[in-house]
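Data first, discussion second: the structure below is written as structure tokens.
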Amino acid sequence: MNQDAEQSTLLRRLLRPYWAAIFQAVAFTLVMAAISSMVPLISSFMVDAIFTNGETGLFLPLAFCYVMAPVVQQVLGIYQSSMGVLVSVLFAGDLRCAVYRHLLYLSLRFFQVNSAGKVVNRVMEDTQTLLGVFNTSVTTTVSDGIIALVAICVTLAINWRLGLLTMLVVAVFVANYRFSIWRIVRFTRLMRREDDVLSGGVQNRMSASVAIKTFGTEERENTVFQGHNLASVEYGRTRDLANNSFWMNVSLIASLGQALVYFCGCALVLKGQMTYGQVLAFNLYTMQLIWPCVRFSQLAGRLQEARVALNRLEEYLKVEAEIRDAPHPRRVKRLSGAVEFRNVEFHYVPEVPVLRGISLKVAPGETFAFIGSTGCGKSTMLNLLTRFYDVTGGQILLDGHDIREYRLRDLQRQFGIVLQESHIFSVSVRENIRYGRPAATEEEVVAAAKAAEIHDFIQGLPRGYDTLMGEEGVALSVGQKQRINIARAICADPAIMIMDEATSSLDSDSEAAIQRGMERMLKGRTSFVVAHRLSTIRNASQIVLIDKGKVVEQGTHEELMAMENGRYRDLYTKHIGKGVLDDA
């Protein structure tokens, strides 16, 4: 299926709920077009019958029809316009929702290669572009098309030679469109691409404002931004020049075409081949034919922008989620938490392995701590366990079944995850904590906050648990945000807890307090920890040292310390005074 056919299918699917409204708008458009097409005939009849032949008795009826035609058109136009606006607004909203819903279910890999700014730019700006075009063009284009078709038929009927001349003028409009539009499309796409880069860059740099100020790189970042901004401006300038040139040609063709047809008609009157009324009607029909061409030419650039916007949105809609449910997935409510990595292989990039034959068995309720150098595969193992990615080789079993057999939604509800980078939603503290389990009771929310050692702080906020957080609410420190995240994970009541450097933002006293509370909350739950703090590591049921994607040492703290010349023992002895392990 080619691109135009795919776009047509997408549009039909999104417009399907509004066909009734569209048909009503088109029906009113047909009536309006019929009334508009009658006006030149009335003018012609008045000139030939009344002023030329003296049939004065027809003056008042024809004058009444002439005056009432625009009034009726206006009344019908109000309803037609309201229906068109309704359809276009709802269509744009549905398209935005369809893209957003599709994005929510895409795999993690998509968001690692597409910046948040780029995604937001497409979801919001491109749908707004489509709304602007459809809001003003759909019914106008239909109406103009019908009027132009009637004008063609009538002009050919009045005088086929002069009608063919009018068709020649229309052909020049088409030639000008075909000649100019490829440049408009090309530079619109290039400008939009640079806008994506700009949006992504702004989002990325604003979120890294602390790093920019720490290293004093404001001028360098400004230079990079100006480079992309100048590219966008240049593409926009070239596109606008092409648009202006296109429009100037349209105006010239319209003026010359109308003058040429009018004076040729006058010449035919002098030869006795046309009447004055026919020339007047012909001239009015020519305007009804030429000005729709002018309006369409004005709209052409915006239509191409809409086409580019639709292409860009469709690119996202065509991206398929890498992680999907099996044809008949296994449904579960709560698992016991028995985990087995069975000869697991994985790579992000082909031929560049990250994990090489990892095999581990975790009994329900055990805590496994992963240590190793940056990039050794610790976090990757947790991403595979939660099915953010699928293994390249081997299996991961949960309660004796391959995790790919479970329904994805059921599987991911088994996990409570706290990452090094905390995120707070712009809602109340209560809604932040019970985000993973909206049905959690007030007592469960408070218990989770107490376990995360954040309850006393929340009580001191202006509205307690109802205080708004995030961009428009109370600002939190990094440690406070992380405690909210930990409380959220606890409140979700997961079977398996994952802590990926979760307490790295906290001081030792706060971490010790949180661990005391979490020992009670995590009782009976399997947990996986990636951490550098010795206090977190040494209390784990099993400590797994990973190097270059392989397990090189595994055991309890005591067992690993008993290994002569063991790497863990060496690391622990070397860093015991710091309380934190450096990269292995």
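Remark: Thr386 OG1 to Leu411 CG distance equals 8.0 Å, nearest 0.5 Å. Atoms CG and CG, from Leu335 and Leu398 in turn, are 4.5 Å apart once rounded to the nearest 0.5 Å. Taking CG from Leu468 and CG from Leu461, the interatomic distance works out to 11.0 Å, rounded to the nearest 0.5 Å. Atom NZ of Lys450 sits about 8.5 Å away from atom CG of Asp456, to the nearest 0.5 Å. Taking CZ of Arg342 as the start and CG of Asp402 as the end, the distance is 9.0 Å to the nearest 0.5 Å. With values rounded to the nearest 0.5 angstrom, Ile371 atom CD1 is found 8.0 Å from Glu553 atom CD.
At least one donor-acceptor pair under 3.5 Å links the side chain of Gln482 to the backbone N or O of Leu419. Here the side chain of His102 pairs a donor or acceptor atom with the backbone of Tyr316 at under 3.5 angstrom. The backbone N or O of Glu453 lies less than 3.5 Å from a partner atom in the side chain of Arg483, making a donor-acceptor pair. Between the side chain of Lys378 and the backbone N or O of Ser373 there is at least one donor-acceptor pair closer than 3.5 Å. Put simply, the side chain of Asp325 never gets that close to the backbone of Arg407: no donor and acceptor are under 3.5 Å apart. Judged by distance alone, with hydrogens and angles left aside, the side-chain atoms of Thr367 form no donor-acceptor pair with the main-chain N or O of Ala540 at under 3.5 Å. Checking side-chain atoms of Thr526 against main-chain N and O of Gly337 turns up a donor-acceptor pair under 3.5 Å.
Taking a cutoff of 4.0 Å between a charged side-chain nitrogen and a carboxylate oxygen, Glu431 and Arg434 qualify as a salt bridge. The pair Arg569-Glu564 fails the salt-bridge criterion, with no side-chain N (NZ, NE, NH1 or NH2) lying under 4.0 Å from an Asp/Glu carboxylate O. Between Arg387 and Asp390 a salt bridge is recorded (basic side-chain N to carboxylate O distance below 4.0 Å). Using a 4.0 Å cut-off between charged nitrogen and carboxylate oxygen, Lys333 and Asp410 do not count as a salt-bridge pair.
Using a 4.5 Å heavy-atom cutoff, the side chains of Arg334 and Gln414 are in contact. Between Met381 and Leu385 there is no side-chain heavy-atom pair separated by less than 4.5 Å. In this structure the side chain of Met497 reaches within 4.5 angstrom of the side chain of Ile490, judged on heavy atoms. Put simply, the side chain of Asp547 reaches to within 4.5 Å of the side chain of Arg567, judged on heavy atoms. Taking 4.5 Å as the limit, every side-chain heavy atom of Arg525 sits out of range of all side-chain heavy atoms of Ile496. Within the 4.5 Å cutoff, side-chain heavy atoms of Thr573 are placed close to those of Met561. The shortest side-chain heavy-atom distance between Thr467 and Met469 falls under the 4.5 Å cut-off. Two residues are said to be in side-chain contact when any heavy atoms from C-beta on lie closer than 4.5 Å; Gln395 and Asn343 fail this criterion.
Enclosure of atom CZ in Arg109 by more than 12 non-hydrogen atoms of other residues, nucleotides or ligands within 6.0 angstrom is indicated.
Summarising the geometry of Glu366 relative to Ala363, their closest heavy-atom pair is OE1-N, 2.9 Å, with the distance given to 0.1 Å. When all heavy atoms of Cys376 and Leu355 are compared, the closest pair comes out as O-CD2, 4.3 Å. Contact detail for Gly416 and Pro494: the closest heavy-atom pair is N-CB, 3.2 Å. Between Phe388 and Ile323 the shortest heavy-atom distance is O-CG1, 3.7 Å. In terms of heavy atoms, Leu106 sits closest to Glu320 at CD2-C, 4.1 Å.
When the options Ile417, Asn432, Val418 are evaluated for a side-chain contact (heavy atoms from CB on, under 4.5 Å) with Arg488, the one that passes is Asn432.
The aromatic rings of His557 and Tyr568 lie perpendicular to each other, with more than 60° between the two planes, well past the 30° mark. By the 30° and 60° cut-offs, the orientation of the rings of Phe425 relative to Tyr435 is parallel.
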Worked check of side chain to side chain contact (heavy atoms under 4.5 Å, CB included) between Ile484 and Ile458: CA-CA 10 Å; Ile484 294 288; Ile458 295 172; 4.2 Å; yes
Derivation and outcome, side chain to side chain contact (heavy atoms under 4.5 Å, CB included), residues Tyr105 and Leu408: CA-CA 11 Å; Tyr105 288 94; Leu408 190 59; over 6 Å; no
Pair Phe110-Val119, side chain to side chain contact (heavy atoms under 4.5 Å, CB included): steps then yes or no: CA-CA 10 Å; Phe110 173 85; Val119 173; 4.2 Å; yes
Evaluation steps, side chain to side chain contact (heavy atoms under 4.5 Å, CB included), between Asp493 and Glu444: CA-CA 9 Å; Asp493 191 28; Glu444 289 171 326; over 6 Å; no
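In the model, Ser428 has no side-chain atom that pairs as donor or acceptor with a side-chain atom of Asp466 under 3.5 Å. Using modelled atom types and a 3.5 Å distance limit, the side chains of Thr380 and Tyr348 yield a donor-acceptor pair.
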